[in-house]
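Quick notes on the structure that follows.
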2 protein chains.
Amino acid sequence: MTTPKRQEGTSPTPGMLHVPGDCRAVTELLGRVGDKWTVLVVNTLGRGPRRFNELKRELGSISQRMLTLTLRALERDGLVTRTVFPTVPPRVDYELTGLGRSLLEPVSALGGWAVSNREAIAKARQRFDRRAGV
Amino acid sequence: MTTPKRQEGTSPTPGMLHVPGDCRAVTELLGRVGDKWTVLVVNTLGRGPRRFNELKRELGSISQRMLTLTLRALERDGLVTRTVFPTVPPRVDYELTGLGRSLLEPVSALGGWAVSNREAIAKARQRFDRRAGV
DNA sequence: CGGGATCCGTTATGATACTG
DNA sequence: CAGTATCATAACGGATCCCG
């Protein structure tokens with residue numbers, strides 16, 4: 001054997017997932033929730049129900065199409081309710097379901113991590129890019 | 001006014017983010033971490049350091065290319081260290097940094113949510129699709 | 001107002017072949 | 001073993017026009 005041995009018994013990391021199936025579930029969820037807008041929409045709806053164009057305004061740069069698609073997907077997954085008022089002009093309210101609100105917490109945990117470590121990541125990135133740039 | 005009033009004062013959701021800047025940070029992170037493989041790789045490395053092909057085998061369906069790209073990105077962000085042993089055949093170990101391990105926790109929180117609510121989502125999806133299928 | 005339908009460029013990802 | 005390079009394609013996302 002020409003390659004060195006790696007030391008075994010690295011301390012088990014707290015909070016990690018242990019079941020292989022879990023990995024798929026997490027990945028599935030992130031594949032679902034990790035798109036460009038879902039989290040933003042969920043967070044905005046976390047501040048209360050919103051109409052379509054209210055959301056659009058608050059999100060600023062989202063296109064109509066993506067907002068529609070995002071909301072449809074959220075509705076499909078039972079995270080958001082869509083209430084149509086048969087008025088003229090039409091009005092549609094979107095609101096988080098219980099399930100949707102429950103998602104807000106782990107997302108916020110991730111958000112907290114993101115905020116706390118944003119700079120560390122930025123610096124690591126700079127270091128890496130400087131080295132690579134040589 | 002022809003449209004009904006929405007009741008204000010929806011109970012503030014616990015755990016949500018309050019600062020607009022936070023939203024961007026979360027979205028940025030999810031845009032970064034929410035790709036197809038990052039979480040899976042981080043989780044696998046959470047079980048201990050791994051060699052390139054060990055990872056590839058454990059992840060199963062990942063292509064060589066994507067594993068390389070994923071690992072490079074993780075290294076760039078300071079979440080993973082890459083250790084090259086100048087042996088023959090070559091050997092490269094990947095291992096989570098402290099920062100990488102700290103990410104494991106919020107990711108696991110999200111993972112826990114995913115596992116807990118997977119069925120609820122699946123059922124909501126079925127209901128939605130049945131209705132849409134009419 | 002709240003979408004649906006379509007077109008089209010960009011990005012992400014996979015397959016394959018080659019290398020130190 | 002651990003990549004790199006290239007090509008092909010699929011998914012994503014924006015812009016635009018149209019409708020009830």
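So you know, we letter chains A, B, ... as the sequences are listed, proteins then strands, and number each from 1.
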Report summary line: Only residue of L79(B), L40(B), L55(B) satisfying side-chain contact (heavy atoms from CB on, under 4.5 Å) with L45(B) is L55(B)
Query raised in the report: Roughly how many Å is it from CG in L71(B) to C1' in dC1(D), rounded to a whole number?
Result: 14 Å
**Report entry** Whole angstrom value for the distance that separates P of dT11(C) from CZ of R32(B)
**Finding:** 17 Å
Query raised in the report: Looking at residues 62-70 of chain B, who's got a heavy atom less than 4.0 Å off DNA chain D?
Result: Q64(B), R65(B), T68(B)
Query raised in the report: Do L67(B) and V41(B) have side chains that get closer than 4.5 Å, going by heavy atoms?
Result: yes
**Report entry** Smallest separation among heavy atoms of T97(A) and G78(A), with atom names
**Finding:** OG1-O, 2.6 Å
Report task. Calculate the interatomic distance between E54(B) atom CD and dA2(D) atom P; express it in whole Å. Result -> 8 Å
Query raised in the report: Among the nucleotides dG3(C), dC1(C), dC1(D), which one has an atom lying closest to any side-chain atom of R51(A)?
Result: dC1(C)
Report task. For residues V92(A) and R51(A), determine if any side-chain heavy atom of one lies less than 4.5 Å from a side-chain heavy atom of the other. Result -> no
Report task. Heavy atoms only: give me the nearest L96(B)-V42(B) pair and the separation to one decimal. Result -> CD1-O, 3.8 Å
Query raised in the report: Looking for any heavy atom pair under 4.0 Å, which part of the strands does K56(B) touch: base, sugar-phosphate only, or nothing?
Result: nothing
Query - Spacing between R50(B) atom CZ and dC1(D) atom P, to the nearest angstrom - result: 16 Å
Report task. Take Y94(B) and R82(B) through the side chain to side chain donor-acceptor pair (under 3.5 Å) test and state the conclusion after the steps. Result -> CA-CA 5 Å; Y94(B) 291 93; R82(B) 178 173 180 269; 3.2 Å; yes
Query - Estimated bend of the helix from dC1(C)-dG20(D) to dG20(C)-dC1(D) (axis per five terminal pairs, rounded to 10 degrees) - result: 40°
Query raised in the report: Looking at the side chain of W37(A), which of dA2(D), dG20(D), dG14(D) is the nearest nucleotide?
Result: dG14(D)
Query - M66(B) side chain reached by L69(B) side chain, heavy atoms, under 4.5 Å - result: yes
Query raised in the report: Taking CG from L55(A) and C1' from dC1(C), how many angstroms apart are they, rounded to a whole number?
Result: 14 Å
Report summary line: Between CG of L59(A) and C1' of dG13(D) the distance, given in whole Å, is 15 Å
Query - Gap between atoms CG and C1', on D35(A) and dA12(C) respectively (whole Å) - result: 14 Å
Report task. Would you check if N43(A) and V39(A) make a side-chain contact, meaning some heavy-atom pair closer than 4.5 Å? Result -> yes
Query raised in the report: So does K36(B) get a side-chain nitrogen or oxygen closer than 4.0 Å to the phosphate oxygens (OP1/OP2) of dA11(D)?
Result: no
Requested in this report: Indicate the atoms forming the closest heavy-atom contact of N117(A) with S102(B), along with that distance.
Outcome: ND2-OG, 4.5 Å
Query raised in the report: Between D93(B) (CG) and dG3(D) (P), how many Å, whole number?
Result: 11 Å
Report task. May I ask you to evaluate whether Y94(A) reaches the phosphate of dG3(C), defined as a side-chain N or O under 4.0 Å from OP1 or OP2? Result -> yes
**Report entry** Phosphate contact (dG2(C) OP1 or OP2) by R82(A) side-chain N/O below 4.0 Å
**Finding:** no
